[in-house]
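Report on the structure given below.
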Amino acid sequence: GWINLNATNANQAIISNDSNSSSAGINLYVHSTNQLRFAGGSAGTQVTGSTGKFTAGTWYHVAVVKSGANCSLYVDGVQDGSTQTDWGTIDGQAQATIGAQYSGSAYGDDFNGKIDDMAIYKRALTTTEISDLVNAQNASIGSGGNFTSNSNLTYSETGVVGNAIKGNGSSSYAENG
């Protein structure tokens with residue numbers, strides 16, 4: 001999916017079904033060092049992208065592809081980190097969250113910016129499919145899901161593909177649970 005940050009100096013969850021240490025889910029986020037990260041699984045595995053990758057106010061396409069032990073991060077269609085290691089069990093919680101991470105009792109790491117066209121696929125995408133998404137072609141490789149949001153999240157922002165959701169960095173998220 002696409003992200004556009006208002007600030008680059010805080011942990012900001014893009015999509016998560018992890019509740020910190022109490023589950024073995026996944027968390028795709030921008031770290032406070034301004035790098036894309038994907039973490040999760042019972043082994044606590046993490047893939048880290050390049051530091052200083054993002055500029056506030058600019059749209060970036062971000063993707064993670066996991067197939068077995070292999071996991072790669074992509075920014076604008078270019079690989080930006082990978083690992084080949086045991087992830088343990090990935091089960092997480094039933095609820096997925098866009099724009100925040102649920103800690104079991106509260107939401108945190110709120111996304112401060114816009115998120116557009118976020119998707120989770122049941123299979124690993126090819127580099128060609130990721131490139132097509134970056135170029136806004138074949139943008140509907142999968143089917144959508146239903147999420148509800150709180151009052152701090154808006155849907156009327158212009159995105160890269162249609163409208164984007166906009167979080168203010170404080171209790172703004174959408175969830176499917």
Keeping the roles fixed (side chain from [X], backbone from [Y]), state whether a donor-acceptor pair exists under 3.5 Å.
X: Tyr29; Y: Gly99; result: no
X: Asn11; Y: Ser32; result: yes
X: Thr55; Y: Thr58; result: no
X: Lys114; Y: Asp116; result: no

Minimum heavy-atom distance [X]-[Y], with the two atoms named:
X: Glu129; Y: Ala124; result: OE1-O, 4.5 Å
X: Tyr74; Y: Leu36; result: O-CD2, 3.9 Å
X: Gly77; Y: Val134; result: N-CG2, 3.5 Å
X: Asn27; Y: Ser16; result: OD1-CB, 3.4 Å
X: Ala13; Y: Phe111; result: O-CB, 3.5 Å
X: Asn17; Y: Ile26; result: OD1-N, 2.8 Å

- Query: Going by atom types alone, do Asp80 and Ser50 pair a side-chain donor with an acceptor below 3.5 Å?
  - Reply: yes
- Message: Does either side chain, that of Asn70 or that of Gln84, offer a donor lying less than 3.5 Å from an acceptor on the other one?
- Response: yes
Are any non-hydrogen side-chain atoms of [X] and [Y] less than 4.5 angstrom apart?
X: Val47; Y: Val64; answer: no
X: Thr51; Y: Asn34; answer: no
X: Ile14; Y: Val30; answer: yes

- Message: Using the rule given for side-chain contact (heavy atoms from CB on, under 4.5 Å), can you reason through Thr45 versus Thr83, listing the C-alpha separation, both sets of side-chain angles and the distance that settles it, and then say yes or no?
- Response: CA-CA 9 Å; Thr45 303; Thr83 188; 4.3 Å; yes
- Can you list the steps and then say if Phe54 with Ile3 is a side-chain contact (heavy atoms from CB on, under 4.5 Å)? CA-CA 10 Å; Phe54 303 105; Ile3 62 169; 4.1 Å; yes
Find the distance between [atom1] ([X]) and [atom2] ([Y]) and round it off to the nearest 0.5 Å.
X: Gln35; Y: Lys53; atom1: CD; atom2: NZ; answer: 11.0 Å
X: Asn9; Y: Asn112; atom1: CG; atom2: CG; answer: 9.0 Å
X: Lys66; Y: Ser82; atom1: NZ; atom2: OG; answer: 13.0 Å

- How far apart are the C-alpha atoms of Gln12 and Asp110, what are their side-chain angles, what is the distance that settles it, and do they pass the side-chain contact (heavy atoms from CB on, under 4.5 Å) test? CA-CA 5 Å; Gln12 299 181 63; Asp110 296 294; over 6 Å; no
- Task: Begin with the C-alpha distance, continue with both residues' side-chain angles, and end with the deciding distance and a verdict on side-chain contact (heavy atoms from CB on, under 4.5 Å) for Ile98 and Ile115.
- Result: CA-CA 8 Å; Ile98 297 175; Ile115 299 174; 3.9 Å; yes
